Amino acid sequence: MFVNGSRQKSRTLAIGDGVVFGILEYRVEATPEEEPPDLSEQTIFRALKLEEPVGSIDAVAIAGLLASSRELMACTDLPGLLDRVLDRLQPVLKPDRSAILLFDEASGELTTRAVRPAGDYTSVSDFASSTAVREAIRAREMLEVCDARLDSRLQGSASIARAGVRSAICVPLLGRTGPIGALYADQVWYAGRFSKEQVQYTAAFAAHAAAALETAKLYDDRERHFRATLETFARAIDARDRYTAGHSERVTAYTLVLARAAGMPETELEVIRRACMLHDIGKVGVPDCVLLKPGPLDPAERTMMEAHVVIGYDMLVPLPFLKESLPGIRGHHERWDGSGYPDGLAGADIHPHARLMTVADSYDAMTSARPYRTALPIDEAARRLRASAGAQFADAAVEAFDAVEGEFQTIRDTTAPTP
C-alpha cells in the first residue's frame with residue numbers, strides 16, 4: 001500500500017493521511033462531531049480500527065485488502081496467499097464460484113492457481129467460463145456479465161450452460177509484459193449488475209493477485225535462468241574430457257533419485273541439484289596433462305587431481321545463493337571410514353548430501369569408460385557399491401541405492417555417452 005505517496009508495509013494512520021490500495025484511494029478524515037485528538041506529545045499510537053457500517057461492505061473489503069497487502073509484502077506462500085484473496089473476496093462479491101487463473105500467452109492455456117469452492121477439476125471449464133476469461137484477457141479489460149442467457153458473447157459457452165451461470169465478473173491480471181492471468185467470479189442464481197463498489201473492490205483484489213503472480217513469475221524465470229547457467233558451467237567442465245561427457249548431469253540425476261528414496265524433503269532437492277551440477281567445477285584448476293592423462297596417476301598427480309574439490313569450494317564460497325550446496329561440493333570425496341579427502345571426515349560428520357553424492361559419483365565413474373580401462377558392467381558396479389558399505393559409503397546411502405537400482409539403470413541407459 002502507499003501512504004501519502006510512499007510505499008509502506010504497515011503504518012499507523014492519522015487524520016489527513018491519503019491511502020492507496022491498487023486502484024482505490026482513501027483519505028482519513030475525522031467525523032464531524034469529533035475534533036482530531038492532540039497527538040503532539042505521543043510517540044506510540046494505536047492503529048485505526050475499522051468499524052463496519054450497517055449494510056456496508058467497505059470495512060470488510062478494506063480489512064481484506066489491508067491483510068492481503070501485508071502478506072504480499074513478505075509473501076513466502078503464494079498458493080496460500082491466492083487462496084486467502086478469494087476467501088476475502090467472498091463476503092464482498094458473494095460469488096458461487098471464484099478462481100485465480102494463470103495464462104500462458106505462448107500456448108494460450110489457462111491453469112488454476114486457486115479456486116473456490118476448493119476441489120479437483122480436469123479443466124478450467126469445470127468451474128469457470130473460459131469464454132469470459134479469454135475475452136477479458138484478449139481485451140485487457142474487466143468483463144462483467146449481467147445475464148449470461150442474454151449475452152451474445154456467452155450464449156455458445158458450454159461451461160456456462162452446464163453450470164447455469166447467470167452473472168459473472170472477470171478481471172485480467174496484467175504484468176509488466178502483458179496478461180498473466182485472470183480473477184474470475186460468478187453467480188448461478190442472480191442476474192443483474194454488480195454494484196460499482198463491488199467492481200472496484202474486485203479490481204483491487206485482482207491487483208494483489210497480479211502482483212503476487214508477477215513476483216512468482218519473475219522468481220521462476222530467475223531460477224530457470226540460474227539453473228541453465230549452472231548446467232552450462234557443468235557441461236563446459238565435462239567437455240574438457242570426452243570420457244566424462246555428461247558426468248555432472250548423470251550424477252545429478254542419480255543423486256536426486258537417492259535423495260527421494262532416502263526421504264529428503266522437496267525443499268532440499270534444489271540445493272542438491274546445484275551441488276551436483278557444480279561438484280567438479282574445481283577441475284578448471286587441474287592441468288590438462290593430469291586431467292587427461294591416459295593412465296593411472298602418480299602420487300603427485302593424484303594430489304593435484306584431489307585439489308579440485310577445494311579449488312571448486314573456494315571458487316563458490318563468495319556466492320551466497322550456493323551456501324547450502326557447498327558441503328556437498330566439498331565433501332563428495334569423503335569416505336565413511338575417514339580415509340577420504342579433503343578433510344578426512346568420517347561417519348556422521350559427512351554432510352547427508354555428500355553421502356549420497358559419493359555413491360552417485362562412484363557409480364557413474366565405474367560405469368563410464370576411461371582411457372586406461374573399459375566401463376564396468378552395471379551389475380559389477382552395484383556389487384562394488386554394496387561391498388564398500390560401511391567403509392567408503394554410508395550404509396543408509398547404499399540402502400537407498402538398493403531401493404532405486406532400477407532407476408539408476410534407466411538413467412544410465414538413456415544418458416550414457418556414445419562409445
Side-chain angles (χ1 to χ4, degrees), residues 21-24 52 55-68 71 79-103 110-137 139 141-151 153-155 157-174 179-210 212-213:
F21 298 102
I23 64 171
L24 304 180
E52 182 177 5
S56 172
I57 62 172
D58 285 1
V60 174
I62 294 172
L65 289 170
L66 281 168
S68 295
E71 291 177 351
L81 173 60
L82 296 180
D83 281 336
R84 288 188 290 276
V85 166
L86 293 184
D87 290 339
R88 290 162 183 159
L89 181 64
Q90 186 68 33
V92 176
L93 207 57
K94 296 181 174 60
D96 292 309
R97 303 179 304 182
S98 59
I100 294 173
L101 307 169
L102 193 63
F103 175 67
L110 293 166
T111 54
T112 306
R113 296 307 300 263
V115 64
R116 288 292 183 270
D120 294 325
Y121 304 93
T122 58
S123 71
V124 172
S125 295
D126 286 344
F127 62 88
S129 167
S130 59
T131 304
V133 173
R134 292 181 187 282
E135 173 63 20
I137 290 175
E141 294 181 352
M142 181 185 298
L143 175 69
E144 183 186 358
V145 178
C146 300
D147 192 336
R149 299 175 184 178
L150 304 178
D151 195 314
R153 298 170 296 180
L154 303 177
Q155 287 175 348
S157 172
S159 59
I160 282 185
R162 181 168 57 250
V165 172
R166 297 296 302 278
S167 59
I169 188 169
C170 186
V171 185
L173 308 180
L174 303 178
I180 57 175
L183 186 154
Y184 171 88
D186 66 25
Q187 295 174 331
V188 300
W189 57 272
Y190 171 79
R193 293 190 65 87
F194 293 100
S195 71
K196 178 181 178 181
E197 290 77 13
Q198 285 177 312
V199 171
Q200 289 179 327
Y201 286 130
T202 301
F205 279 110
H208 281 155
L213 287 172

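These figures come from a predicted structure and were not determined experimentally.
Listed here is the closest heavy atom pair of A168 and D186: CB-CB, 3.8 Å. In terms of heavy-atom proximity, A114 sits nearest to D83 at CB-OD1, 3.4 Å.
Counting only distance, with no hydrogens or angles, the side chain of Q90 and the backbone of P95 share a donor-acceptor pair below 3.5 Å. When atom types are taken as modelled, the side chain of E135 and the backbone of L143 share no donor-acceptor pair closer than 3.5 angstrom. No side-chain donor-acceptor contact under 3.5 Å links E141 to the backbone of A136.
Side chains of V199 and I169 form a contact here, defined as non-hydrogen atoms less than 4.5 Å apart.
For A206, the side chain to side chain contact (heavy atoms under 4.5 Å, CB included) partners two or more places apart in sequence, or in a different chain, are V171, L173, L183. Here V133 pairs with L101, L110, I137, C170, A182, Y184 under the side chain to side chain contact (heavy atoms under 4.5 Å, CB included) rule; sequence neighbours left out.
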Audit row: V85, I100, side-chain contact (heavy atoms from CB on, under 4.5 Å) steps and yes/no
CA-CA 9 Å; V85 166; I100 294 173; 4.2 Å; yes
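L89 contributes atom CG, which lies 10.5 Å from atom NZ of K94 (distance to the nearest 0.5 angstrom). Atoms CZ and CG, from R97 and L86 in turn, are 13.5 Å apart once rounded to the nearest 0.5 Å.
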